[in-house]
There are 4 protein chains.
Amino acid sequence: MRQQEDLEYADEPKKRGRHRSLEAKTAILKATLQLLERESLRKVTADAIARRAGVSKATIYKWWPNKSMVALDAYLAGTTERVAMPNTGSAQEDFTQQLKSLTAFYTSTLGRLFCQFIAEGQSDAAFLASFRERFLYARRDAAKIMWRRGVDRGEIRSAVDGDIVLDMIYGPIVFRLLAGHGSLSDSESEAIVETVFAGLRRLDYQRPAKNKTIGHIVKRRRAHL
Amino acid sequence: MRQQEDLEYADEPKKRGRHRSLEAKTAILKATLQLLERESLRKVTADAIARRAGVSKATIYKWWPNKSMVALDAYLAGTTERVAMPNTGSAQEDFTQQLKSLTAFYTSTLGRLFCQFIAEGQSDAAFLASFRERFLYARRDAAKIMWRRGVDRGEIRSAVDGDIVLDMIYGPIVFRLLAGHGSLSDSESEAIVETVFAGLRRLDYQRPAKNKTIGHIVKRRRAHL
Amino acid sequence: MRQQEDLEYADEPKKRGRHRSLEAKTAILKATLQLLERESLRKVTADAIARRAGVSKATIYKWWPNKSMVALDAYLAGTTERVAMPNTGSAQEDFTQQLKSLTAFYTSTLGRLFCQFIAEGQSDAAFLASFRERFLYARRDAAKIMWRRGVDRGEIRSAVDGDIVLDMIYGPIVFRLLAGHGSLSDSESEAIVETVFAGLRRLDYQRPAKNKTIGHIVKRRRAHL
Amino acid sequence: MRQQEDLEYADEPKKRGRHRSLEAKTAILKATLQLLERESLRKVTADAIARRAGVSKATIYKWWPNKSMVALDAYLAGTTERVAMPNTGSAQEDFTQQLKSLTAFYTSTLGRLFCQFIAEGQSDAAFLASFRERFLYARRDAAKIMWRRGVDRGEIRSAVDGDIVLDMIYGPIVFRLLAGHGSLSDSESEAIVETVFAGLRRLDYQRPAKNKTIGHIVKRRRAHL
DNA sequence: GTATAACCGAGACGGTACGTCCAGTCTTCGG
DNA sequence: CCGAAGACTGGACGTACCGTCTCGGTTATAC
């Protein structure tokens with residue numbers, strides 16, 4: 001557990017007995033990730049992390065405000081995500097490939113953390129904000145590159161807002177990941193991207209004369225979504 | 001949860017023994033809903049529900065496996081959702097109006113329960129399943145009517161799977177609700193539906209000669225989404 | 001408990017309505033005894049009795065004020081105690097034999113109920129009183145016959161109060177039964193009775209000149225008993 | 001219960017980590033005793049103890065397996081028993097005085113705990129064992145000193161087993177305390193000790209020719225004790 | 001016969017305590 | 001003076017049992 005020490009010797013500014021804390025930090029993150037591979041965030045306890053890391057619980061709470069934040073840090077620091085960031089010359093192809101690889105990862109044990117972070121965020125606004133800043137936006141920025149390439153190339157209509165583009169592509173998958181309805185296979189990823197690009201509209205459809213009648217608000221139960 | 005039971009009530013020859021107290025049931029659901037209007041699901045305790053309902057905690061646990069299920073029941077039984085189920089003659093218009101009204105509701109206090117149910121489901125598979133069956137599918141079935149009208153009318157391409165249609169329309173909103181990135185205004189709803197119908201593709205785009213180069217898998221951190 | 005009722009049956013003008021089910025009563029007592037053979041009084045629940053007797057819990061509580069009373073009734077009605085009530089011509093021998101047989105019974109599964117009744121009585125004065133009246137005094141009256149024979153025969157000093165005699169003989173055994181210190185073998189029974197008859201005093205002991213010094217009250221911990 | 005620990009305290013090299021809070025321990029025992037002065041052991045709840053002691057329930061259950069053990073500890077630690085441990089020069093006088101003072105105490109509010117401990121022990125063997133070891137034997141050892149003095153002085157027959165002596169003296173009182181038959185006055189204490197010393201046997205009684213007839217086992221109900 | 005009690009089985013209910021669990025904080029000592 | 005060890009508070013959890021209650025249905029006497 002304390003093996004890494006040797007590696008870090010190199011550029012460590014030598015303070016008297018101070019490099020201990022970095023070691024503890026590392027051990028905590030590592031232990032957290034290992035535990036999260038086997039249990040859900042809810043079931044991983046701070047005690048378990050401390051025990052496994054050979055660290056005091058107080059040390060954990062010294063640097064992190066709560067368990068979720070530790071998990072977020074552990075995830076960000078420890079996970080080298082094998083996700084495609086393709087550049088095929090076609091934005092649609094790029095997104096398709098990326099969505100496939102992303103889906104594959106997010107259905108894996110560790111990938112499920114994404115859902116658990118979202119879940120945790122529902123009762124902890126500060127955490128959700130942190131999750132957005134440090135996790136979500138980073139990935140979205142990367143994805144926006146693919147989008148921009150498509151726009152620059154004249155492949156994607158420039159009128160459409162980039163955020164909407166991303167949410168249209170990733171939203172359906174996220175929804176399915178979280179709610180568990182609908183499959184997450186490669187062919188679904190393909191179909192989603194294809195439909196997002198092509199649109200729902202039948203091009204030869206002739207819109208009838210404007211019907212201004214507004215749909216009446218119906219008072220009924222369980223009608224929407 | 002005990003839906004079947006309810007159905008059997010109809011012609012059931014009255015059961016022996018004291019009947020389940022409808023009063024207690026009602027009081028529990030009502031109290032739960034009232035508490036959920038002020039606190040998040042996580043913070044509402046079984047004790048609080050029992051106290052407010054003037055009911056024994058044992059009675060709650062007799063009929064529900066945990067408080068999440070009570071909350072789901074309370075929500076389904078108690079919430080008469082004021083959501084548009086419009087029929088304007090145009091599927092796009094229908095979806096736009098519906099998305100607006102849905103967004104308005106889901107950002108309200110009680111509507112936030114949707115997010116909390118999803119969150120709860122991440123660490124309780126049984127609950128998530130129940131949530132899908134009793135909440136999600138009901139709403140999706142209703143929404144599919146609007147979609148089918150669009151298809152029948154020749155407005156929506158029949159080649160596209162209905163579930164994908166729904167996820168493309170609702171997914172982005174759900175994503176934003178849960179992750180809190182991106183606004184949920186009426187104009188966003190309009191833009192989303194418009195883009196879903198129109199597609200991203202620039203129609204006059206000429207696809208260049210096939211480029212078979214597959215996007216290289218890049219080993220990097222935080223690259224996707 | 002409701003014994004009086006039974007006595008009144010005789011000339012009672014038959015009451016209107018359905019009569020108390022003797023079957024139910026019997027079944028309850030029988031079931032109770034069977035359960036008490038395997039579990040302690042504390043662990044036998046009213047539900048278990050009702051279930052085993054094929055009877056409603058309400059029926060139990062209609063006729064008995066609580067579980068302990070049921071158990072007492074069950075014991076009194078159902079246990080045919082095989083205890084010697086000897087008449088050998090010698091009071092000491094009578095008591096010795098009786099104490100042996102009593103000890104044998106009270107260390108048996110069902111005999112242990114005696115201890116449990118005593119225990120229950122410590123937090124239920126009404127029950128303890130009932131236990132005394134219906135259980136204890138009956139047995140003591142019987143034992144007093146042996147004592148009186150001894151007195152009449154000139155074997156036992158007539159100056160000694162009968163109740164003290166009984167408590168001196170049975171007290172040690174009861175104490176051991178309840179506290180679990182000290183053995184309960186036949187030889188112990190013999191020794192106890194012999195010592196009770198012979199007394200502790202060494203007959204040739206010459207009491208020294210009266211020492212009126214009263215033992216000082218010592219304030220100390222755990223000094224007595 | 002944790003006696004061993006206490007013994008080791010002496011030269012124990014201080015343990016790592018936060019030490020057990022003596023404050024909490026004291027508060028718990030004190031609160032327990034105060035509550036027991038007003039309510040029976042059965043009615044005193046762990047919650048009440050925790051609340052009164054200003055302590056978390058978890059802390060109680062960390063150090064004691066159940067509330068009975070807490071009560072035993074509280075009693076042993078907190079009760080400075082004012083019981084005579086007299087030394088008058090006469091064993092009979094010693095026992096008489098001691099029995100009086102013991103009876104006085106055991107009929108007091110706190111003294112009643114003795115009965116409740118015995119009661120609790122009937123459905124908790126581990127507790128009963130603990131009660132014997134820590135409460136009963138300590139007192140008996142002390143009482144044996146009085147007995148031995150009597151033997152050494154030639155006052156008490158050396159042939160009689162010390163444990164039987166004690167049970168003969170204390171058994172009747174314990175029996176009366178628990179079953180509630182018979183008075184517990186000073187004169188009873190005197191009479192008991194006097195009779196134990198003098199024996200039941202009428203000294204001028206001429207035993208008739210041996211009658212070997214063994215008392216027939218009578219099958220009858222409620223015959224003994 | 002028909003009304004009218006009083007009973008009974010089934011089983012839901014309020015109440016109360018239980019003993020467990022975990023988050024997050026606080027205290028002590030060793031290096 | 002930092003950090004491990006670990007005890008502590010607070011509060012929810014879900015369970016268990018008690019004794020009561022309500023229901024539909026079942027005998028029995030009384031009219």
Side-chain angles (χ1 to χ4, degrees), chain A residues 15-21 23-24 42-48 50-51 53-62 64-68, chain B residues 13-25 42-48 50-51 53-67, chain C residues 13-21 23-24 42-48 50-51 53-67, chain D residues 13-21 23-25 42-48 50-51 54-67:
Chain A
K15 276 184 188 173
R16 296 180 41 183
R18 288 294 289 273
H19 45 75
R20 191 106 177 102
S21 77
E23 206 190 314
R42 285 284 285 271
K43 287 196 173 173
V44 171
T45 69
D47 282 278
R51 204 177 321 124
V55 142
S56 160
K57 227 180 352 160
T59 305
I60 297 178
Y61 284 105
K62 168 151 199 168
W64 290 276
N66 52 49
K67 189 177 66 173
S68 315
Chain B
K14 312 262 173 117
K15 281 168 296 182
R16 301 206 48 182
R18 183 175 179 175
H19 307 329
R20 174 170 184 187
S21 159
L22 197 67
E23 260 176 55
K25 184 180 176 179
R42 286 284 286 270
K43 287 196 174 175
V44 170
T45 70
D47 280 281
R51 205 177 319 122
V55 143
S56 161
K57 206 168 29 146
T59 303
I60 297 179
Y61 283 109
K62 164 142 206 168
W63 298 106
W64 291 276
N66 50 52
K67 80 178 166 193
Chain C
K14 310 241 174 140
K15 278 173 293 185
R16 289 193 61 176
R18 182 177 179 177
H19 304 328
R20 172 172 184 185
S21 156
E23 257 175 61
R42 286 283 286 272
K43 287 196 173 173
V44 171
T45 70
D47 282 279
R51 204 177 320 122
V55 142
S56 161
K57 225 181 354 159
T59 305
I60 296 178
Y61 284 106
K62 167 141 204 169
W63 301 108
W64 290 274
N66 52 49
K67 188 178 65 174
Chain D
K14 314 258 174 122
K15 280 169 296 183
R16 302 205 49 183
R18 182 175 180 177
H19 305 332
R20 173 170 183 187
S21 159
E23 261 176 55
K25 184 180 177 180
R42 287 283 287 269
K43 287 196 173 174
V44 170
T45 71
D47 280 281
R51 204 177 321 121
V55 143
S56 161
K57 206 168 30 146
T59 303
I60 297 178
Y61 283 108
K62 165 142 205 167
W63 300 106
W64 290 276
N66 51 52
K67 81 178 166 194

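Throughout, protein chains are lettered first and strands after them, A, B, ... in sequence-line order, and every chain is numbered starting at 1. Everything quoted here is computed from the prediction, not taken from an experiment.
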Discussion item. Which residues pass the side-chain contact (heavy atoms from CB on, under 4.5 Å) test with B:R42, not counting sequence neighbours?
Written reply: A:R42, A:E120, A:S123, B:S40, B:E120

Practice prompt. Send over the distance from C:R42 CZ to F:dC18 P, rounded to a whole Å.
Written response: 10 Å

Worksheet item: Can you find a heavy atom in the side chain of B:K67 that is under 4.5 Å from one in the side chain of B:Y61?
Response: no

Discussion item. For a quick check, tell me whether the side chain of D:R18 and the base of E:dC26 share a donor-acceptor pair closer than 3.5 Å.
Written reply: yes

Worksheet item: Of all residues at least two apart in sequence or in a different chain, which pass the side-chain contact (heavy atoms from CB on, under 4.5 Å) check with C:A48?
Response: C:L35, C:T45

Practice prompt. For C:D47 and for D:A24, locate the closest nucleotide of DNA chain F by heavy-atom distance; then report the residue assigned to the nucleotide nearer the 5' terminus.
Written response: D:A24

Item to complete: Round to a whole Å and report the spacing from NZ of A:K62 to P of E:dT27.
Response: 15 Å

Worksheet item: Out of E:dC22, E:dC7, F:dC8, which has the shortest distance to the side chain of C:W63?
Response: E:dC7

Discussion item. Can you tell me whether the side chain of A:S56 and the base of F:dA5 have a donor-acceptor pair closer than 3.5 Å?
Written reply: yes

Discussion item. Pick the closest DNA chain E nucleotide for D:A48 and for A:K67 by heavy atoms, then say which residue is nearer the 5' end.
Written reply: D:A48

Fill in: Distance, rounded to the nearest Å, where D:R51 contributes CZ and F:dC8 contributes P
20 Å

Worksheet item: Nearest of E:dT27, E:dA12, F:dC23 to any side-chain atom of B:H19?
Response: F:dC23

Item to complete: Choose from F:dG6, E:dG14, F:dC21 the nucleotide whose nearest atom is closest to any side-chain atom of B:V55.
Response: E:dG14

Discussion item. Closest approach to the side chain of C:A58, judged atom by atom: which nucleotide of F:dC21, F:dT9, E:dA17 is it?
Written reply: F:dC21

Fill in: F:dT15 OP1/OP2 closer than 4.0 Å to side-chain N/O of B:K57
no

Fill in: Nucleotide E:dA23, atom P - distance to CD1 of A:I60 in whole Å
10 Å

Practice prompt. Please report, rounded to the nearest Å, how far the P atom of E:dA12 is from the OH atom of C:Y61.
Written response: 17 Å

Response to the item:
For B:A46 and B:I60, the nearest pair of non-hydrogen atoms, with its separation, is O-CD1, 3.8 Å

Worksheet item: What is the distance, rounded to the nearest whole Å, between atom CG of D:N66 and atom C1' of E:dT20?
Response: 15 Å

Discussion item. A side-chain contact here means heavy atoms from C-beta on lying under 4.5 Å apart; do B:W63 and B:R20 qualify?
Written reply: yes

Worksheet item: Whole Å only: how far is the NZ atom of C:K43 from the P atom of F:dC18?
Response: 14 Å

Worksheet item: Is the base of F:dA5 touched by the side chain of D:R16 through a donor-acceptor pair closer than 3.5 angstrom?
Response: no

Practice prompt. Could you tell me whether the phosphate oxygens of F:dT9, OP1 or OP2, come under 4.0 Å of any side-chain nitrogen or oxygen in D:T59?
Written response: yes

Worksheet, complete the sentence: Comparing nearest nucleotides in DNA chain F, the 5'-proximal residue of the pair C:V44, D:G17 is D:G17

